[in-house]
Amino acid sequence: MNNYTAAIASFIRYDVVLFNTLEYATKKDKYEVAAYKARQEIISKEIELNTPLKNCLDNSGEAGKNLLEKIKELIRLVYSPESTIVKLGADESELRVDSSQALTIYENVLPIHEELRKIVEAHVVAAKKNNAFDEPSFEDVIVKEEYFYRSLVNMLMLDTFDHFFAEYNKARQEAKGAITPQSNFIQNDINKIVNLFQFSRQNATARNAEYYSMVDPLFALIEMTGGRRDLPEGKNFGQVFVEVKTKVREVTQKFELAWKPVYDQFIVHFQEEVKKLQEQAGGQQA
C-alpha cells in the first residue's frame with residue numbers, strides 16, 4: 001500500500017465510521033458506549049491531526065471548508081457534551097439516545113457521506129492515472145459498501161417515514177379531516193424525508209436488479225402516500241408498508257452479508273499497512 005492507496009483506505013474507513021452514526025436513528029434496548037467513543041475519536045481526530053482527510057480538506061478551497069463545517073456540525077449534534085441526541089450517563093456506563101431526532105441525523109449524515117464518496121472516487125482516479133493504484137481489492141470494497149449503504153439508508157428512513165405518515169393521518173383524523181398546524185408540522189417532516197430518499201437515489205451508483213427490487217416498490221409507496229399513485233386493489237397502506245419494509249430489510253441483509261467480510265478484511269489490511277508505513281517513516285527519521 002503506497003501513500004495514494006493509504007489515503008484512499010483512510011477515507012473509506014472514515015466514511016464507514018461516519019455513516020455508522022445512523023445507528024442513533026434507530027430504537028434499541030442498548031447502545032454500546034465503546035462504539036460511540038471510538039466513532040467520536042475517529043470522526044474528531046481525523047479533522048484535527050495531520051491526516052489525509054485534513055490535508056484534503058485544507059487544500060480543497062471553499063468546498064473543503066464547507067465539508068469541514070458539516071463534519072463539525074455533526075460532531076456538535078451527536079458527539080459533543082451539548083448533544084441532545086446522544087448522551088453518556090454520568091458514570092459513562094450507558095448511552096442514552098433520543099431516536100425521535102432521527103431526521104436530524106439523516107439530514108447531517110447523508111450529505112457528508114456523498115462528499116466523502118466523491119473524495120474517494122477522485123483519489124482512485126488520480127491513483128490510477130499515476131499508476132499508483134496498488135490495491136485493486138479496494139474497488140470491491142467500494143462497490144459493496146455502496147450497495148449496503150443505499151439499502152441501509154432506505155431501510156432506516158422507511159421506518160421513520162412510516163412513523164411520520166401514521167402520525168399525520170392520526171392528526172388529520174383527530175381534526176375530523178381538517179388541516180391543522182400539527183398536521184402541517186408533520187407534513188413538513190414528511191417532505192424532508194421524501195427529499196432525502198430522492199437525494200440518496202440521485203447520488204447512487206448502485207445499478208443491479210437486486211437494488212431496484214427494493215427501490216422501485218419503495219418509491220411507488222412514496223407516490224401512493226402523496227396521492228400520485230393508487231394503492232394496489234384490495235390493500236391498505238398498512239399492508240403495503242409491511243410488504244415494502246420486508247423487501248427492503250431482506251435486500252439490506254443480503255447486501256450487508258456481502259459487504260461485511262470484505263470490509264473486515266480491508267480494515268485488518270489497512271491497519272497492518274499503516275503500521276508498516278509508520279515504521280518506515282520512523283526508520284527514515286532515525
Side-chain angles (χ1 to χ4, degrees), residues 1 6-54 68 70-110 112-113 116-117 120 138 141-142 144-145 148-149 151-153 155-157 159-160 249 252-253 255-279:
M1 188 182 293
I8 292 166
S10 71
F11 299 146
I12 293 171
R13 183 193 67 156
Y14 190 84
D15 182 33
V16 172
V17 171
L18 184 131
F19 79 63
N20 279 336
T21 301
L22 293 169
E23 177 185 359
Y24 308 126
T26 65
K27 288 184 180 180
K28 296 172 64 176
D29 293 333
K30 185 178 181 181
Y31 303 83
E32 293 296 328
V33 172
Y36 172 80
K37 287 185 174 181
R39 290 169 192 161
Q40 181 184 51
E41 181 174 8
I42 291 171
I43 293 172
S44 301
K45 294 298 183 184
E46 288 285 313
I47 60 170
E48 296 171 0
L49 304 178
N50 183 26
T51 65
L53 179 60
K54 186 175 188 304
L68 178 61
K70 289 177 184 177
I71 294 170
K72 286 181 176 178
E73 178 65 4
L74 179 68
I75 292 170
R76 185 188 72 80
L77 287 168
V78 181
Y79 295 103
S80 76
E82 65 181 278
S83 173
T84 61
I85 300 174
V86 182
K87 283 198 173 294
L88 278 167
D91 60 355
E92 298 194 353
S93 64
E94 66 171 337
L95 207 60
R96 293 193 290 272
V97 175
D98 180 9
S99 58
S100 68
Q101 297 190 60
L103 183 59
T104 299
I105 290 184
Y106 304 141
E107 289 177 321
N108 284 273
V109 171
L110 269 63
I112 297 174
H113 166 77
L116 291 172
R117 290 289 290 192
V120 170
F138 283 8
V141 177
I142 292 167
K144 284 185 167 65
E145 179 197 314
F148 170 59
Y149 169 81
S151 59
L152 176 67
V153 164
M155 183 180 74
L156 298 180
M157 292 202 303
D159 281 341
T160 306
R249 191 174 299 111
T252 303
Q253 289 171 347
F255 286 154
E256 182 177 19
L257 286 172
W259 168 78
K260 195 172 187 308
V262 171
Y263 181 72
D264 288 345
Q265 186 177 5
F266 157 82
I267 283 294
V268 170
H269 180 54
F270 171 61
Q271 291 171 340
E272 290 172 349
E273 291 297 312
V274 166
K275 187 177 179 181
K276 286 180 187 176
L277 289 171
Q278 289 172 341
E279 288 172 351

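One N or O on the side chain of Ser10 and one on the backbone of Ala7 form a donor-acceptor pair closer than 3.5 Å. A donor-acceptor contact shorter than 3.5 Å links the side chain of Ser151 to the backbone of Phe148. Put simply, the side chain of Ser99 never gets that close to the backbone of Ala25: no donor and acceptor are under 3.5 Å apart.
Classified by interplanar angle (parallel below 30°, tilted 30° to 60°, perpendicular above 60°), the ring pair His113/Tyr149 is parallel.
A donor and an acceptor atom, one from each side chain of Tyr79 and Ser44, are nowhere located under 3.5 Å apart.
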**Request:** Give the C-alpha distance, both sets of side-chain angles, the deciding distance and a yes or no for salt bridge (charged side-chain N to carboxylate O under 4.0 Å, His left out) between Lys276 and Glu273.
**Result:** CA-CA 5 Å; Lys276 286 180 187 176; Glu273 291 297 312; 3.3 Å; yes
**Steps toward side chain to side chain contact (heavy atoms under 4.5 Å, CB included) verdict (Leu110, Met157)** = CA-CA 11 Å; Leu110 269 63; Met157 292 202 303; 4.2 Å; yes
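For the salt bridge (Lys or Arg N to Asp or Glu O under 4.0 Å) condition, the pairs that include at least one residue of residues 96-105, sequence neighbours left out, are Glu94-Arg96. Legend: salt bridge (Lys or Arg N to Asp or Glu O under 4.0 Å) pairs involving residues 6-16, not counting sequence neighbours, sorted by first then second residue: Arg13-Glu46. Residue pairs meeting the salt bridge (Lys or Arg N to Asp or Glu O under 4.0 Å) criterion with at least one partner in residues 22-31, sequence neighbours excluded, are Glu23-Lys28, Glu23-Arg39. A salt bridge (Lys or Arg N to Asp or Glu O under 4.0 Å) check over residues 80-89, counting only residues at least two apart or in different chains, returns the pairs Arg76-Glu82.
In plain terms, the two heavy atoms of Val86 and Tyr24 that are nearest each other are CG2-CG, 3.8 Å. For the pair Leu22 and Tyr106, the tightest heavy-atom approach, listed with the atom from each and the gap, is CD2-CD2, 3.8 Å.
Take Tyr14 and apply the ring-ring contact (aromatic ring centres under 6.0 Å, His included) test, not counting sequence neighbours, and it matches no residue. Annotation: ring-ring contact (aromatic ring centres under 6.0 Å, His included) contacts of Tyr263 (sequence neighbours excluded): Trp259, Phe266.
Summarising the geometry, atom CG belonging to Leu53 is positioned 11.0 Å from atom CD1 belonging to Ile43; distances are rounded to the nearest 0.5 Å.
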